[in-house]
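Here is the structure we will look at.
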2 protein chains.
Amino acid sequence: MNTMTAAPSPFSPADRPQLGLRERKKIKTREAIRTATYALVKEQGYDATTIEQIAERAEVSPSTVFRYFPTKEDIVITDEFDPIIMDELRARPADEPWMVTLRYVMHKAIAYGMKEDEEVSRLRTHLMVQVPAVRSRMMESMSVTGDMLCQAIAERTGRDQESLEVRVSAMALIGALMETSLYWAEHGHRDEFKDLMDRTLDVLEHGLSE
Amino acid sequence: MNTMTAAPSPFSPADRPQLGLRERKKIKTREAIRTATYALVKEQGYDATTIEQIAERAEVSPSTVFRYFPTKEDIVITDEFDPIIMDELRARPADEPWMVTLRYVMHKAIAYGMKEDEEVSRLRTHLMVQVPAVRSRMMESMSVTGDMLCQAIAERTGRDQESLEVRVSAMALIGALMETSLYWAEHGHRDEFKDLMDRTLDVLEHGLSE
DNA sequence: CACCTTTTGACAGCTACTCTCATTTCATGG
DNA sequence: CCATGAAATGAGAGTAGCTGTCAAAAGGTG
């Protein structure tokens, strides 16, 4: 479990005086690297942006960049949603139909993601479409979300978390969400993401038979 | 040249005299690289196997390896199924229920994949579980399959190939198949893959609502 | 055989990423 | 306030995947 503490963005380091100077600096460095990366990527594209450039603009050494993020892709694909989704899932009444819960939680997650920084959300999905490495890494990270979903589904339906059925359900859902994001980005973010999500959930709810 | 033994592909170069020497050599080189890779990976693992070693054993230069395969991962994740699946899909009567068609075609694809070389199939899925890069690349390549599936679904259901609904259906299916493969490998290939596939299709058919 | 095209190998170069080690920066107890 | 230990950083070397170029070799053709 990657409980790396430090819920990322919505709070600035100054808001948490209870943390030591060391911790606050770490958060600041993390944000500096991310900010530098987003800026450079917007200026010159993902591939043309090197770690060295990122390090330079963030005013750290290249070594430090790798200490904070295992890969270059990871710098752009923040996944802070997992714990939020999980909490929201658990907060719903246990007897609520699963699809209702899912729909509700997804709406919440979208709202959260948008509020944070819409432009960043767009850049991220844009990169998912354009840069295969980013898309791949995103899928990888979503499979972690998948494990989490398995747990949630198992809790709700009383089935075994490790059963094929549960795992397939989770992965089908992940794939569908992924494709929804891609669709949104490919169409220039013109649709309301929430509406697309609803249509996606409709498809999953009724099965692929028709 | 140590190939010629256990040719992975159902056709050996010698069987196709209609091709020029040039074409036959290319096929042979391709197979040599694959064979060398599989052997080395089995001996010392994926990460420990370098392109240089592969080139050496296949008796070609490293440059040539990259000419035949864009990435190291691609050497192990053959995807020759797409055209077969597509052909089989088109060969089914147009009024057959979609899920029946899908089930039939998947069975065919599995039978084909197994007959080819069971051990290679196992090694491949094993690598998918163990090596993230391979798993990622596999997903990437499956999204190509996804495009193809969109076309098939659109043809069958009369919907727009580019519609969100069709794309979500395809991607959910892909995700589910992926997870089924992983499940199979993680459980030591003990189950019959065909049975797992049936259970997966059951889940998709009835929707994730329950 | 001569000529053209395709394939190959050798090599140089870039960059993501890893590892090690010395230096600096923060935390803490006296 | 300082001394000691722990953590974070920077510098540098090294690995390996991957790209590009160019000349040599092999295959095809008249």
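We name chains A, B, ... by the order of the sequence lines, and we start the count at 1 in each one. These figures come from a predicted structure and were not determined experimentally.
In this structure, E73(A) atom CD and dT15(C) atom P are separated by 16 Å, rounded to whole Å. Atom CD1 of I33(B) and atom C1' of dT8(C) are 11 Å apart (whole Å). A straight line from CZ of F66(B) to P of dA12(C) spans 17 Å, rounded to a whole angstrom. With rounding to whole Å, D47(A) atom CG is found 17 Å from dC14(C) atom P. Rounded to whole angstrom, the span from the CG atom of D74(A) across to the P atom of dT18(C) amounts to 11 Å. In this structure, NZ of K28(A) is placed 16 Å from P of dA8(D), rounded to the nearest angstrom. For the pair Y46(B) OH and dA16(D) P, the computed distance is 14 Å after rounding to whole Å. The nearest whole Å value for the distance from the NZ atom in K26(A) to the P atom in dA6(D) is 16 Å.
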ask   = Where along nucleotides 24-30 of chain C does protein come under 4.0 Å, by heavy atom, of base (B) or sugar-phosphate alone (S), with - for untouched nucleotides?
value = -BBS---

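Judged by the 6.0 Å and 45° rule, K72(B) forms no cation-pi pair with F66(B). For the pair R167(A) and Y183(B), the NZ or CZ position fails the cation-pi test of under 6.0 Å to the six-membered ring centre and within 45 degrees of the ring normal.
Residue T50(B) is in sugar-phosphate contact alone, with no base atom involved, counting any heavy-atom pair closer than 4.0 Å across all strands shown. Residue F69(A) is classed as having no contact, given no heavy-atom separation below 4.0 Å to the nucleic acid.
With salt bridges taken as basic N to acidic carboxylate O contacts below 4.0 Å, none links R135(B) and E73(B). With respect to K42(A) and E119(A), a salt bridge is recorded, a charged nitrogen being found less than 4.0 Å from a carboxylate O. Salt bridge E118(B)/R122(B): present, at least one basic N to carboxylate O contact under 4.0 Å. Of the charged side-chain nitrogens involved, at least one lies within less than 4.0 Å of a carboxylate oxygen, so that R103(A) and D202(A) count as a salt-bridged pair.
Checked by distance alone, R67(B) brings a side-chain donor or acceptor within 3.5 Å of a matching partner on the base of dG9(C).
With the nearest nucleotide of DNA chain D identified for both S63(B) and Y68(A), Y68(A) has the one nearer the 5' end. Nearer the 5' end of DNA chain D, as judged by each residue's closest nucleotide, is the contact made by T64(A), out of K72(B) and T64(A).
Below 30°, between 30° and 60°, or above 60°: for W184(B) and F193(B) the angle between ring planes is between 30° and 60°, a tilted geometry.
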